[in-house]
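What you see below is based on every heavy atom in this structure, not just the backbone, and it leaves out hydrogens, waters and symmetry mates. Lettering of chains follows the sequences in order, A, B, ..., and the numbering in each one begins at 1. Remember, predicted model here, so these are calculated numbers, not experimental data.
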2 protein chains.
Amino acid sequence: MAAVLLIDDDVELAGMLADYLRRDGFAVDLAHDGESGVQAALSGNFAIAVLDVMMPGISGIEALRRIRAGSRMPVLMLTARGDDMDRIVGLELGADDYVPKPCLPRELAARLRAILRRSASAPQDNGELAVGPLRLHAAQRRAEWRGQLLELTSTEFNLLEVLARNAGHIVGKDELSAQALGRPLARYDRSIDVHLSSIRQKLGLLDDGRSPIQTVFRQGYQMIPG
Amino acid sequence: MAAVLLIDDDVELAGMLADYLRRDGFAVDLAHDGESGVQAALSGNFAIAVLDVMMPGISGIEALRRIRAGSRMPVLMLTARGDDMDRIVGLELGADDYVPKPCLPRELAARLRAILRRSASAPQDNGELAVGPLRLHAAQRRAEWRGQLLELTSTEFNLLEVLARNAGHIVGKDELSAQALGRPLARYDRSIDVHLSSIRQKLGLLDDGRSPIQTVFRQGYQMIPG
DNA sequence: GCGCTGTTTTTACAGACTTTTACCCCGGCG
DNA sequence: CGCCGGGGTAAAAGTCTGTAAAAACAGCGC
């Protein structure tokens, strides 16, 4: 699913929102101040940014201006309820939407989807992903390993996509289950392990002899980047 | 500038908004009830529709559903302030934005521009569709594969059209049934599968040897974009 | 209404995919 | 050293999809 960048200085609230969005199928990364947020937004790794207006250091409006200076990516602003000026200025500066805060996570998710739905059909959105010898084309559900077409089943592709999107980060089994299998992880559920096993067999090993997908005991799995 | 369709039963308010928008550079047409609004929206003459949720006769939600059944045009909903459910349902049904009413005309204009900015980069909807080696002329109900006319039955054409419009995205069987067969999907109904099977036989394979329509286990089907 | 024809839906079975089960290995710990 | 919780993986069991073929339906000319 789409990669969302959440820029908000309120660590706790941002964490909650991120959790909800992840359960809802988004891949979420966090930034807790404007500077690093803008930088991440311009990295090109995200499909959309969610930007809090009220932040210490550079304000959300300023952050938006800087993002717009280097990218046309969709941006959704979070603002104190009823702050008309901010939101109008934001929209006129090129934000794609504005959501009053505090907000229902479900509404935020729905709005994200509404915006992504629009921009998904834009031509520059290629949904491509390259991690080491792996190339994934989400729109084509196509995966290559060292240039060879991989014959993956649907679930295997889903899993690999989630891992690849979060390459370099540990992804918990609960999250993998939610995103790739579409259901919460139950106790004694071994599906993830079994699928991972098949994926590994189809991929083979990295140049250094390790598996491209590492097991992190009791925590989850992690794809090795670059 | 862009043609806006404003659907609102409150004649006076709608007139005011229309005036403001016109001064702001939009071309505005009015509809004062859901029926005629939906009809106008589906005429293809408007770039975007603004839809009041509270209307006598068919509600805004129902109107949105009908518009979405036949078009993917951007729709912005006007709703009573704070009516969370309505707006969430609206967004999940495919509205592109929601504005609380009463609203500042200037905000409405800004939001319209934000949405149009997004959809401007989306491909034109002129009734023609090209997806990889497939070309569809919706108005003529004509389909070509690598330049060859395809002999499809009408249901097959419907299915292919829905899939092609959503190329690159998974379309659930329930949605395929609703859009192509005009009925909700019942348990044990295999019609979709059977039609898909015939379509695949008529299309043949892609250059890389895969079917142009991929099955996503338990989720639906996805047409591979160009 | 009747038979003819092309289409859609249902049925049936085979095959593919996913999930569960079972057993093995591994490392930590009393 | 034996027990325990986790993970790896083969194989069984369960579920979903592919597709041919039969049955049901819808027009149409008579």
Side-chain angles (χ1 to χ4, degrees), chain A residues 141 143 149-163 170-206 209-224, chain B residues 141 143 149-163 170-206 209-224:
Chain A
R141 295 209 125 240
L149 178 65
L150 280 172
E151 308 230 336
L152 300 175
T153 68
S154 314
T155 304
E156 287 163 7
F157 185 92
N158 292 346
L159 272 174
L160 196 54
E161 185 180 356
V162 176
L163 287 169
I170 301 173
V171 189
K173 288 196 189 185
D174 49 356
E175 199 173 320
L176 287 172
S177 185
Q179 298 205 194
L181 308 185
R183 63 185 147 95
L185 184 67
R187 250 148 61 97
Y188 309 123
D189 188 336
R190 307 293 311 283
S191 285
I192 300 284
D193 308 62
V194 173
H195 286 299
L196 252 300
S197 176
S198 339
I199 293 177
R200 281 172 167 156
Q201 292 189 359
K202 291 182 183 180
L203 294 186
L205 299 178
L206 241 32
R210 294 185 303 161
S211 165
I213 299 170
Q214 294 288 313
T215 305
V216 184
F217 203 77
R218 283 163 174 274
Q219 292 194 74
Y221 295 92
Q222 168 169 347
M223 172 139 222
I224 297 181
Chain B
R141 293 189 71 77
L149 179 63
L150 280 171
E151 308 235 335
L152 299 174
T153 68
S154 67
T155 303
E156 287 163 6
F157 185 92
N158 291 345
L159 273 174
L160 195 54
E161 183 179 356
V162 176
L163 287 169
I170 301 172
V171 188
K173 287 193 186 184
D174 48 356
E175 198 174 323
L176 287 171
S177 186
Q179 301 218 183
L181 308 184
R183 61 184 148 92
L185 184 66
R187 249 148 63 96
Y188 308 122
D189 188 337
R190 307 293 311 285
S191 286
I192 301 284
D193 308 61
V194 173
H195 286 299
L196 251 299
S197 177
S198 337
I199 293 177
R200 280 174 167 154
Q201 292 189 358
K202 291 181 183 180
L203 294 186
L205 298 178
L206 240 33
R210 298 187 304 160
S211 165
I213 299 171
Q214 296 286 113
T215 304
V216 185
F217 209 86
R218 286 177 174 167
Q219 295 192 75
Y221 295 92
Q222 168 169 339
M223 172 137 220
I224 295 181

Requested in this report: For the residue pair A:Ile213 and A:Leu160, establish whether any side-chain heavy-atom pair is separated by less than 4.5 Å.
Outcome: yes

Query raised in the report: Who pairs with A:Asp193 by salt bridge (charged side-chain N to carboxylate O under 4.0 Å, His left out), at least two apart in sequence or on another chain?
Result: A:Lys173, A:Arg190

Query raised in the report: At under 4.0 Å between heavy atoms, what does A:Ser154 touch on the DNA or RNA strands: base, sugar-phosphate, or nothing?
Result: sugar-phosphate

Query raised in the report: Looking at side-chain heavy atoms only, is the closest gap between B:Ile224 and B:Pro212 below 4.5 Å?
Result: no

Query raised in the report: Whole Å only: how far is the CG atom of A:Leu176 from the P atom of C:dT18?
Result: 15 Å

Report task. Send over the distance from B:Asp193 CG to C:dC17 P, rounded to a whole Å. Result -> 15 Å

Query raised in the report: Below 4.5 Å, heavy atoms only, C-beta onward: do A:Leu176 and A:His195 meet side chain to side chain?
Result: no

Report task. Using a 4.0 Å heavy-atom cut-off across all strands, classify A:Thr155 as base, sugar-phosphate, or nothing. Result -> sugar-phosphate

Report task. Determine the minimum heavy-atom distance between B:Leu152 and B:Ala143, stating which atoms define it. Result -> CD1-CB, 3.9 Å

**Report entry** Heavy-atom side-chain contact between B:Ser198 and B:Glu156 under 4.5 Å
**Finding:** yes

Report summary line: Its 5'-most and 3'-most nucleotides having an atom under 4.0 Å from a non-hydrogen atom of chain A, DNA chain D is contacted over D:dG5 to D:dA10

Report task. Using the closest heavy atom to pick a nucleotide of DNA chain C for each, name whichever of A:Leu152 or B:Leu181 lands nearer the 5' end. Result -> B:Leu181

Query - Euclidean distance, B:Leu203 CG relative to B:Gln201 CD, rounded to 0.5 Å - result: 10.5 Å

Query raised in the report: Is any side-chain heavy atom of A:Leu159 less than 4.5 Å from a side-chain heavy atom of A:Tyr221?
Result: no

Query raised in the report: So what is the end-to-end bend of the helix from C:dG1-D:dC30 to C:dG30-D:dC1, with 5 pairs used at each end and the value given to 10 degrees?
Result: 30°

Query raised in the report: For A:His195 and C:dC17, what is the distance between atoms NE2 and C1' respectively, to the nearest whole Å?
Result: 8 Å

Report task. Return the value, rounded to whole Å, for the distance between atom CG of A:Leu185 and atom P of C:dT18. Result -> 17 Å

Report task. For the residue pair A:Thr153 and A:Lys202, establish whether any side-chain heavy-atom pair is separated by less than 4.5 Å. Result -> yes

Query raised in the report: Rounded to whole angstroms, how far apart are CG on B:Asp189 and P on C:dT11?
Result: 10 Å

For nucleotides 21-30 of chain C, print each protein N/O atom paired with a nucleotide N/O atom at under 3.5 Å, atom names and distance only.
residue, atom, partner, partner atom, Å
C:dA22, N6, A:Arg190, NH1, 3.4

Requested in this report: Flag the pair B:Leu163 / B:Val171 as yes when at least one side-chain heavy-atom distance between them is below 4.5 Å, and no otherwise.
Outcome: yes

Report task. Can you measure from CD1 (A:Ile170) to CE (A:Met223) and round to the nearest 0.5 angstrom? Result -> 15.0 Å

Query - Sub-4.5 Å side-chain heavy-atom contact between B:Gln214 and A:Ser154 - result: no

Requested in this report: Calculate the interatomic distance between A:Leu196 atom CG and C:dT19 atom P; express it in whole Å.
Outcome: 13 Å

Query raised in the report: What's the spacing between A:Glu175 CD and A:Leu185 CG if we round to 0.5 Å?
Result: 11.5 Å

Query - Residues that B:Thr155 engages under side-chain hydrogen bond (donor to acceptor under 3.5 Å, both in side chains), provided they are two or more places apart - result: none

Query raised in the report: By a strict heavy-atom criterion of less than 4.0 Å, which residues belonging to residues 213-223 of chain B are in contact with DNA chain D?
Result: B:Thr215, B:Phe217, B:Arg218, B:Tyr221

